[in-house]
Structure formats: structure tokens, C-alpha cells
Novice: 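My questions all concern the structure below.
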Amino acid sequence: MGDIVLSIVAKLAEYTVGPILDHARYLCCFNNIAGNLPNAKEELELTRNSVKERVEEAIMRTEIIEPAVEKWLKDVEKVLEEVHMLQGRISEVSKSYFRRQFQYFLTKEIARKIEKMAQLNHNSKFEPFSKIAELPGMKYYSSKDFVRFKSRESTYENLLEALKDKSACTIGLVGLGGSGKTTLAKEVGKKAEELKLFEKVVMATVSQTPNITSIQMQIADKLGLKFEEKTEEGRAQRLSERLRTGTTLLILDDVWEKLEFEAIGIPYNENNKGCGVILTTRSREVCISMQCQTIIELNLLAGNEAWDLFKLNANITDESPYALKGVATKIVDECKGLAIAIVTVGSTLKGKTVKEWELALSRLKDSEPLDIPKGLRSPYACLGLSYDNLTNELAKSLFLLCSIFPEDHEIDLEDLFRFGKGMGLPGTFGTMEKARREMQIAVSILIDCYLLLEASKKERVKMHDMVRDVALWIASKTGKAILASTGMDPRMLLEDETIKDKRAISLWDLKNGQLLDDDQLNCPSLEILLFHSTEVDFDVSNACFERLKMIKILAILTSSLNWRRRELMKPFGTSYLSLSLPQSMESLQNLHTLCLRGHILGDISILESLQALEVLDLRNSSFIELPNGIASLKKLKLLDLFNCVIREHNAYEVIGRCLQLNELYLCIYLCAYEEFPHNISLSRLERYVLNFKMYSQSWTDMMEEHRPCRALCINGFNASVQSFISLPIKDFFQKAEYLHLRDLKGGYENVIPSMVPQGMNHLTFLILEDCPEIKCVFDGTTMQTEDAFSSLVILRLYELDNLEEVFNDPSSRCSLKSLEELSIESCRQLYNISFPKNSKLCHLKFLTIDHCPMLTCIFKPSIVQTLELLEQVTISDCFELKQIIEEVEEGSVDYVSSQSHTSLMLPKLRTLTILRCHSLEYIFPMCYAHGLASLEELNIGFCDKLKYVFGSEKEHDLRVYQHQSHPQTNIHINFLNLETLRLTELPNLVEIWPKYFDPHLPNLKELQCIDCPRLPDSWVRRVMIIDSDLQQDSTTTEKELLCSVTTTFNQLSDQVLSSKLRHLQLYGLGVKGLFQFQIREHGSNTELAPLNLDLIYAELSDLPELEFIWKGPTNFLSLQMLDVIYVNRCPKLKVIFSPTIVRSLPMLRTLEITHCEELEQIFDSGDAQTLYTCSQQVCFPNLHYICVEKCNKLKYLFHNFVAGHFHNLIALEIKDCSQLQKVFAFECETDDDDQEGIVMDGEKVLLRNLLRIRLSRLPNFKEIHHGFKLKDDVEEHIINDCPKYYPSLYLHTEE
């Protein structure tokens, strides 16, 4: 008990005595406590200064100060400021009357501040004090070099879209060196960082020789990652773990070869998380090898963009001298849109004189590099890196070889091969076919690296001009100097001191054909000599070749390689392009390739002496005879005699002895042979193009486009079926890829098996023309071979008078899996194509059938299901054709229900044309209409019995359709891509589709309906209306309208009407009105905005019941695009343009109205004052031609329209309008003094451009316009039977 009492007493003392003592101290110890304040303040200030010094040191190390330090400093500054104020109060307290009371409170506050400062001093030890600052990321890179050109915009947006699509984790940006890939990648990275597509965006440069450690360190630095690991693998694992945390975009710049992401530490994007990659490279192959999900190509700058970039870097302004600008534009042309060249050349020439600019232009034209100042990157060095990085030696050699062709030349790969073979380049040894494969690989490498560009035509490439300059520069540096020039006089070669060091001389477009007269060409190292001219004969002196012992390629050309016959040549040497071969040619014992194209050569026996010759190309030339010694040239592998004229008859005999040939190109004109020789057998031939008397444009077009390896084209082949198998020539047939036969004789009723029992599986093109004995192309009833025609791509059959079936193949031994085009024309006995039963025509794109009058059907339904790629169908003049797709009974093997496979029915069909098929009653069953999602053009005409376009007779019967499990009565059908619908002279057409189908044609641009008298007008309304929710009146009157729309104001929009309609052509319909709009329940004071109809051409003819064209609210319909309107034979029509039309037709050029007996007005006058007000804004700035004929109730053409609205009117023609008085009439035209009223144009020249006026049989016509006078420059003014017309004349035409 006592202990408890003591404990309580102790606590009471603690809570009472302590505070009492503190209060006593505040009263008695003021001076002592106040005296401690300066010491405490000074100590805190020293501590603060020390911390500030540490802060400054950390900032200098680009470190970020910890928030606790910054807060401590703020607290210190606040306390010190409070202490300073407190010291002021201490000095004042002694003066106060109540100082004892004040001292108490002041002492208490001083004690607290001292305690606070002590606490801050104690808390001044910070750990950590600061941390390394995060690098600025993509903000570090400047945007000064980035100009957002239009051509770059799409690439920029494509890159951003690819980044937003997280499934594309690796994106390749590929383009020519110096095209701006790095700059664009930086800008995309900055935008991605700004849009927060990734938490981090990091850029690292890879360069030609990738250094794994360097790449790792670049990425780690920008992520603020410190490596403790010593090995590449350890760092890779650490980096990978970091990149898996959050989201990071890596931009790997300047990638030259495949990178192993795992070795670097870049994780693959798993489940769309982690790390995305953009890599920039010059090689598409790099993108492919690194499995880029998206590859985006950066193209060169367009012309205006290149000029803008050049002006920016060269500091060219509007005030720059005109002469300098002229030189500048030519320099920009030389740069050909290459960004680095434009920037470097522009920056180099900035501030230089015009003469220095001209010198720079001259050097660029001569393919000489400029002197680039330090700090600027040379485009030559930049592009040279691409060459240096090539590991394929043949690619390097071909790259240099391409520079012998002129700027912007499309290099034929065949020329490149023949020259490359002649040079003996690496990889071109062995057989010709092996050499070709090697060259194709090398060319692909160059294209992937953008050192070559694909040209507009197949099998051709181009070289960027700057890249070509670099190739010439590299050639000169590596001891392979090339002289390549255009328009140079060859005699200038003697004055060039450097000529002796050239390895190649290539002179194009020569205007002088005299090659050095009697002077020798001193070029001991020359390997290539090429002369080209399309204008002059070549005169080669005998001395010309005597010192060219090392020459390997000699080419004297009039053209690049082509398959067309040159019209410059005339029979037997009468052409002006002649070339005589000098005797000194026999000294060219190292010559491997000789090309003499397009010349009259005369005697070519000297060629027998060229024992090293491998390629002999005499294409498009003529000569006396083919020397017998050609057969003795053991190294000769390629002989080209295509489109040659040979006088003597020995050519085929000599060729037959050239057993060493690997390739033969043969087409001889004016030869005495009546038929192609059957005994030629060249067992080593790998490629051949043999044409015998087949001179057609289609042949040359086919060869230009497809370049088959083995082609045989023979007119008049005559050998019996029985003997064919033993003929040496049979190998040409059996191995051919392209086979074109005309007038085939010898009892061939088919091609397979009569010619080739094995099936012709190499054949890709087969054309049979005028072969009267052929009954079918393939007869599978007598053969066992499977998969015949498995490679056939194009099959064309013309004028096969006895062809009954194309395929007679009940066992489906014929495969047509590769067939893309089938054309059958003028086969009078063809009754069925008879596609093999199990055919899968999954690649067929084009089908043309013309003039096959006995053909009754084309496809079975089971075949149609396989037509997944069919794009174009044209069927014409098949008079007995009853069905395009055969109708089969339900339960049949070929039966296709209207419910099944609709999504697979002709999904790619774009164009369907059916003409003059008089037995056809409908085009497609309804089940196929659903699948025509790609249909763009439907053109049907002159089919006498056609009743329906879609749907058979049964399908148009609603009761039958409902009976077939179709309970709904309205089925929507979408033709979303249909732009053109033409129906012409279909006398029995009653419906396009069944009544229970609602068609949707939102993109229809051209509607043409001509002479379809039984077609109800309501169908067109269904075509035109695209919003099915709008109410369409169903009264009898409204059913006779072309397009009637009843809607509320709120529903109205441009989507009510098919506003994309551009072309409207209607003939022979019974329609009473065309367009009618009724706006119900307007309920608003808002002005009704005009509805835009983008109609360009309108032709309305033979519409006997037509009473109006447009009807609706005033100024409701706008025809701002209307260019031509033609109205003919509409006897009930009273007005052309009703008040519904917005009265401004700015694009109208032609207005023609004929044979409209009831026509009273072109523009409805309506209320006179309203019309006058409207006419003040009407404008016809482009109306050139007005023609009105046989409109006998028309009194004037334009009422209250001033002539100033027709200031471009050129021609006015009016005939047979009995009541017409004036062209322009006005409500109030003259006053009592016969002066012009206020609405007149005054004394200015009216209709100043009206140059041709024809007025005929107008008994009441008085004038064109009040005050109008003829000008003296009128070209034509013909007046016939216009007794009241007395035109006035201007004395002078005003300017």
C-alpha cells in the first residue's frame, strides 16, 4: 500500500514540478537562453553551407538530389529566417513597458528554436544524398534535320501504326543508304515517347561490324543500368531481365547483318509484352532474316520535296540570283531525290559563287565526286559502304558492270547476263543455267541492298544516278576504270590521255558512226567496248581492233534486247543502219561476247575465227548467210538469231550442227523454207525460243511480259501423228514452257496424248490457233498419266473450227491447279468446256469466251465453288448459251444449295460482261449474288431472252422461295463495291433480282439503262436508295418514279441518295419522274441545307412518259459537279431544271436539249421576283455549248438570267423552235424610251466569247440578248429562216 502511494506521489511531482521549473526558467533565465541562440544559428548555417556544397557537386555530376535533402534545406532556410526575425524582437523587448511578460513568452520561443536547430543539425547526415540522373532519352536528339515531307508522311504514319499494333514486335525500316532512315527513326521514337506508347525508348547504333559489348553498353547507359557482370553472356542475361520489366522500344540503327538478339540480351516479344524493336537497314534480306513482322520501305524524295530540302541547306531564297537558281535545279536533278546527296551538296555550295556552282554541276554530270568540307558526310562514302559490305563477289562485279549503261536506263537482265558471262565474272563458269542462277542470286542481293532498283518492266532493273556515279568512282579506285558517256564523238577517244587505262568504254546515243578512221585504239587493258546509236551507220576501220587483244565484250547496238521486230530493217541490205565487219576482228581471240544488233551486216564469215566466243548475239540484224564455221566454235554456248533476215538457206542446217549450244533464240524472216525442219535435235539445249512464221503482236507482248525459258511457236507444223514420236524435234514440244501452234496438220485431234503422252507438266502457256483438226485439247480416255497440265497458267484457243470439248477427261487425269487465264474465241463447234470433274480452278483469274455459238453451259456448281480468285468474266456472242452455271437437280453430286457455301461463291469477281448471248434467261442463281462482295462492274447487253440478272424463274417466284425454307420476305443483299451498272438492249428483261431482295449499292457511280422496255421503273428506285429505313411511298403514282424519297428533316442526309453516282444514262423507260423528295414534319426554323448529288454526266433519251426530272423543296438539290446534260425525246417534259435545283452549275460545259415538244422552260421561272433574286447569284462559268432543237413551246432559253453569268459561252445552236423569241428574256426589259432597264448589262460587250452561232428555222426569233451585238471576231454566224432576227454589229471588238 505504501509503495502505491509513493508511486502516485512521484508521478504527480513529474507532471507538476517539471513544468513549474520550466516556467520559472523562462522567467528568470532570459539572458542565458537568448545568449545561446546565435551559437545555435551559426552552427546550423555551417551545416547548411556544407550540404549546399555537396548539392552543387552532385549537380555538376548530373546527379539528382534526393527529396529528403531538398526538404531539409527548405526547412533550414525557414528556421533561419524565423530566428532572424526572433533576434529582432529580442532587441526590442527591453524597451517594452511589459518586458517581464514579453520576456517570458520570448524565452519560451527561443528555447524551441534552439531545440529545432539542434534537431536539424542532427538530421543532416543523408544516405543516399543523390542519385545518377536519368538520360534525356529521345529528347536528346534534335529535329532540325527532319523535314516532314508528304512522301515521308505515309512512312512516318505507317511506323507509328506498326508500333501501336503490339503484335508487330520487330519492325524493319529499309532503304538506300543516305535516304534518311536514321532521321526518320529518331522522329518516330520521339513521337512514341511523347505518346507514351512505351515507358522507355532507347536508340543504339549497330554499324557494319556489330560489337555485342558496345550495343549492350549503349542500351544499358540509356536505361541507367550498371553491369556488374564481366562476360557478354552475363550482361545479356542482366539486360534481358531489365528489358522484361515494363515496356521498352529499341531502335537499332544501321544494321548490316542478322543480329542474335539473345546474344545481346534483347528478349523476344512474348505475349505482346516487353520489348519492341525498330531496325534501320539498307538490306531487305536483313529484315527477312531477323523475322520482322512489318517491313516498311523509305522511298526517295519527290521532285518538289528534293528542291525544298536543297533550298533549305543551300540557303536559296526568292532573292537569290536567277542564274544560281537555274544551276541549282539541275544539281537537284543530279541528286535524284537522295537525301544525303541533297543535304551534303547543298551545304557544300552554300555561300559559293555561281561559277563554283557550275563547276559542281559539271563534276556531278561527269560522275566525279565533289570536295566535301570536313564535318559533312560524303554521299560517295556513304553509298560506298553498301558496296564494301557485299560478300558476294559476283554481286560486286555486276554492280560495277551496271555502270556501263547510261543514266536512267532500264537494264535488261538478259543483257547483264550476256555481258557478265563474257567478262568471266565469278560464278559464271559451268553451264549457262548454273551461271544464270548465280546471277539471279547476285541481282537479288543488289536489289535487297537498294544498289539496284526494280524497273517498270519485268526482268529489268535500274540504277540510281548517284549510285551509278559511286560505281564508276569505285571502278576507277580499284583499277577497273570505266568510261561511260552519252552523245560523245568516238573520235574524241584519241584525245583522252586516260583512255589507255580504261577497262571498259561505253558510248551511247552516238551521232557520228565513224569509229576512229584508220587510227588504232590504244587501250591495252580494255575488256569491254560498247557503241550504241539508233540513227547512224557505223564505219569501223580495219585498224580499230588491232591493239584490243584483251577485249572480252564487243557490242555495237541499235537497241537493248527486245522481242519486237524492228521496222528500220528492210530486205537484203536496203536499211540505212549498216555495219561492215573489218578483217581486224579476227585478232580478237579473247572475245567471249559479241552483240551486233539491228544492223545490215552483209558478210559475217569473219566470225568463224573467234574461237573464244561464248555468246553470239545478232538479234534484229540481216546478213547473207550463217557461216558454216559457227558450228566449229566449241565454246559457243548462246546463239541469238531472233528477228534476223538471212538471204541464203543454210541457217537451219548450220544450227543443227551446233551441238555445243546451251541456248538458242531463233526467228528467221524471208527464208525460203516452207516448213520448220523436223530433224533438229540439240541435246544440250537448256533454253530456247524458236519462232517459225508466227508474226503477231500478241507473241511479242507475251515474250516481253513473261520471258519463258523454253518457247516454241510454229505456224504450219505438218507431221503425222504416227511419225511425231520418232522426230528429233519432239523434244522441243515436250520440254516447252510456252507452246503456240497455228495451222497444225497431220491428224492431231488433241494435244495430249497425241503430241506428248507424258502430260506436258513443264508447260505454262498453251495457245492453239486455227488448227482445224483439233477436237479437244486433252483426251484422258486413252492415257494413264496423272496431273497433266499441272503447271499450265494460260490457255488460249482461237478459231478451232472442230473443237467440241476442251477437256475429255472423265477420270480427272488433267490438273488445272495453276490455271490463271482461259480464253476461247471463235470455236464454232464447241458445245461444252467440260472441265475435269475434280478440277480445282483455285487460281483462275480471267475467263473470256467469245463467238462460240454452240456452247450451252460453262460451269458446274461444284467447279464454281473452287473459283476463289476469279476476277474477270467476259462472255460474248455465245448464241446457244442457256446457263453460265448449270442447273442441277437437288440431290445431284453437283448440286449446291442456295444456303451453302455462299461466302465462297466468286468472292474476288470484279468485272462481269455478258453480250449477245441470245438464249440466256438469267445470269446467276441468287445464291451466288450474296458472294459477289468484290463486284465493281456489271455490263450486260443485247441478250434477247434475258429476263433476270440474278435468280432463275423459280427463284423469282416468292411462293417457291418461301417454300424452300425462307420464311422472310425481304433479304438484304450488298454490292458494296459496285461502281458501274450497264444494261443495254435487253427487250425481255423484267427484273434484276427478285422482289423480295433489297439491294444495297452505296458506291454506284455509273448507271446506264438503254432500251429495256419491260423493266419496271421501280427497280431503279431500289438501286438508287441506299438507306432502307427511309419511307418510300407505295402509291401507283410513286411506283412510276425513278427515285422517290419521303423522309423527315432529321433523317435527311447525303446518305439518303446514292450521292456517289457520277454517270446516269437512261433510254427507253416508261418512267414519269426521276428524283422526288418530300420533307415531312419539318418542325424547325432551321434552313434546309442542300443535298449534294455528284452527278457529272446525265443522258436522258426516249422517255415518253417523263414529266419531271427533279421535284422537291426549293433550292434543295445541288449539282455542283454536273458537266454534261443531254435530254432527247421526252415529249411530256415541261421543265429541265425545276426550282428544286440550286441555281448554280459551276462545272456545266454542255447543255443539249432536243425533241421535247412540251418543254416550256429550261429553268422553271416560278415566282418572278424570287427568280430574279436567285438569278443574281447564278453562275455558269464553264458553260461552252448550248444546243436546243425541236422544242416548239419554248419561248426563251433563260428567263431573268443576265449574260454575265455565261461569260465562257462559245457556241450557240438553235433549230426548229417555232415559238422561240429570245435566248435571254427579262421580266422588265425596256422603258418607254426603249432603253435598257436596271437589269441590263449596260453598254459593255455581252457574251464576249461567243464565236459560233447557228440559228435555223426560228420564225419568231428576235434576238439573243437585249443590246447584244455581233463582234467582228465571230468565227461562224449561220442564220437560216429567221425572218425577225436582225443582229447589230459592234464597230470594234473590245479587248
Side-chain angles (χ1 to χ4, degrees), residues 330-331 333-336 358-370 380 398-412 415-416 419 422-423 462-517 519-541 544-545 547-548 550-560 579 593 595-598:
K330 294 177 182 178
I331 288 175
D333 289 342
E334 290 295 321
C335 295
K336 298 293 182 183
E358 290 173 344
L359 177 61
L361 175 61
S362 176
R363 296 190 70 172
L364 287 171
K365 284 186 173 181
D366 292 339
S367 305
E368 297 177 10
L370 302 182
Y380 278 65
L398 287 178
F399 173 72
L400 300 182
L401 184 60
C402 285
S403 66
I404 71 171
F405 296 94
E407 290 185 352
D408 301 318
H409 185 78
E410 293 196 353
I411 305 168
D412 197 300
D415 279 339
L416 195 60
F419 294 163
M423 285 294 292
K462 293 193 303 182
M463 207 174 207
H464 186 280
D465 285 359
M466 188 66 71
V467 175
R468 177 178 176 272
D469 293 345
V470 170
L472 293 171
W473 174 63
I474 292 171
S476 65
K477 285 201 315 175
T478 56
K480 302 173 183 176
I482 296 171
L483 171 62
S485 180
T486 300
M488 178 180 177
D489 189 329
R491 290 172 296 184
M492 297 294 292
L493 295 175
L494 296 177
E495 302 175 11
D496 189 344
E497 291 294 329
T498 66
I499 197 72
K500 63 180 183 300
D501 299 322
K502 302 298 182 186
R503 296 285 289 275
I505 295 175
S506 170
L507 305 183
W508 293 81
D509 293 333
L510 297 178
K511 308 303 180 187
N512 185 338
Q514 285 191 323
L515 302 185
L516 311 182
D517 297 327
D519 295 305
Q520 295 178 344
L521 194 60
N522 184 22
C523 303
S525 302
L526 192 67
E527 295 181 338
I528 302 175
L529 181 60
L530 185 153
F531 296 121
H532 168 271
S533 177
T534 59
E535 300 179 9
V536 298
D537 295 339
F538 282 103
D539 183 8
V540 185
S541 68
C544 183
F545 299 130
R547 298 181 65 178
L548 303 179
M550 301 300 295
I551 196 168
K552 296 179 179 178
I553 300 172
L554 174 61
I556 305 178
L557 312 173
T558 60
S559 70
S560 298
L579 171 65
T593 294
C595 293
L596 306 173
R597 289 191 198 143

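On a predicted model such as this, the values are computed, not experimentally measured, just so you know.
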Novice: Start with the C-alpha distance between Ser560 and Asp415, add both sets of side-chain angles, then the distance that settles side-chain contact (heavy atoms from CB on, under 4.5 Å), and finish with yes or no.
Specialist: CA-CA 8 Å; Ser560 298; Asp415 279 339; 3.9 Å; yes

Novice: Give me the atom names and distance for the closest heavy-atom approach of Asp501 to Ala481.
Specialist: O-CB, 4.1 Å

Novice: For the atom pair CD1 (Ile528) and CZ (Phe419), what is the distance rounded to the nearest 0.5 Å?
Specialist: 8.0 Å

Novice: When rounded to the nearest 0.5 angstrom, what is the spacing between NZ in Lys480 and CD1 in Ile474?
Specialist: 10.5 Å

Novice: Under 3.5 Å, is there a donor-acceptor pair between the side chain of Trp508 and the main chain of Ala484?
Specialist: no

Novice: If you round to the nearest 0.5 Å, how far is CG of Leu401 from CD1 of Ile553?
Specialist: 6.0 Å

Novice: Between Gly422 and Lys552, which heavy-atom pair has the shortest distance, and what is it?
Specialist: O-CB, 3.6 Å

Novice: Working to the nearest 0.5 angstrom, can you tell me the gap between Ser533 OG and Ile556 CD1?
Specialist: 11.5 Å

Novice: Is there a side-chain contact (heavy atoms from CB on, under 4.5 Å) between Ser559 and Thr534? Walk through the geometry before answering.
Specialist: CA-CA 7 Å; Ser559 70; Thr534 59; 5.8 Å; no

Novice: Heavy atoms only: give me the nearest Lys502-Ile505 pair and the separation to one decimal.
Specialist: CB-CG1, 4.3 Å

Novice: Keeping Arg503 on the side-chain end and Ala475 on the backbone end, is there a donor-acceptor pair under 3.5 Å?
Specialist: no

Novice: Give me the atom names and distance for the closest heavy-atom approach of Leu529 to Phe531.
Specialist: CD1-CZ, 3.5 Å

Novice: Looking only at heavy atoms, which two atoms of His532 and Thr558 are closest? And how far apart?
Specialist: NE2-O, 3.7 Å

Novice: Can you tell me how far apart SG (Cys595) and CG (Leu557) are? Round to the nearest 0.5 Å.
Specialist: 6.0 Å

Novice: CD of Glu407 to CZ of Arg468: how many Å apart, nearest 0.5 Å?
Specialist: 5.5 Å

Novice: Indicate the atoms forming the closest heavy-atom contact of Thr486 with Pro406, along with that distance.
Specialist: OG1-CB, 3.8 Å

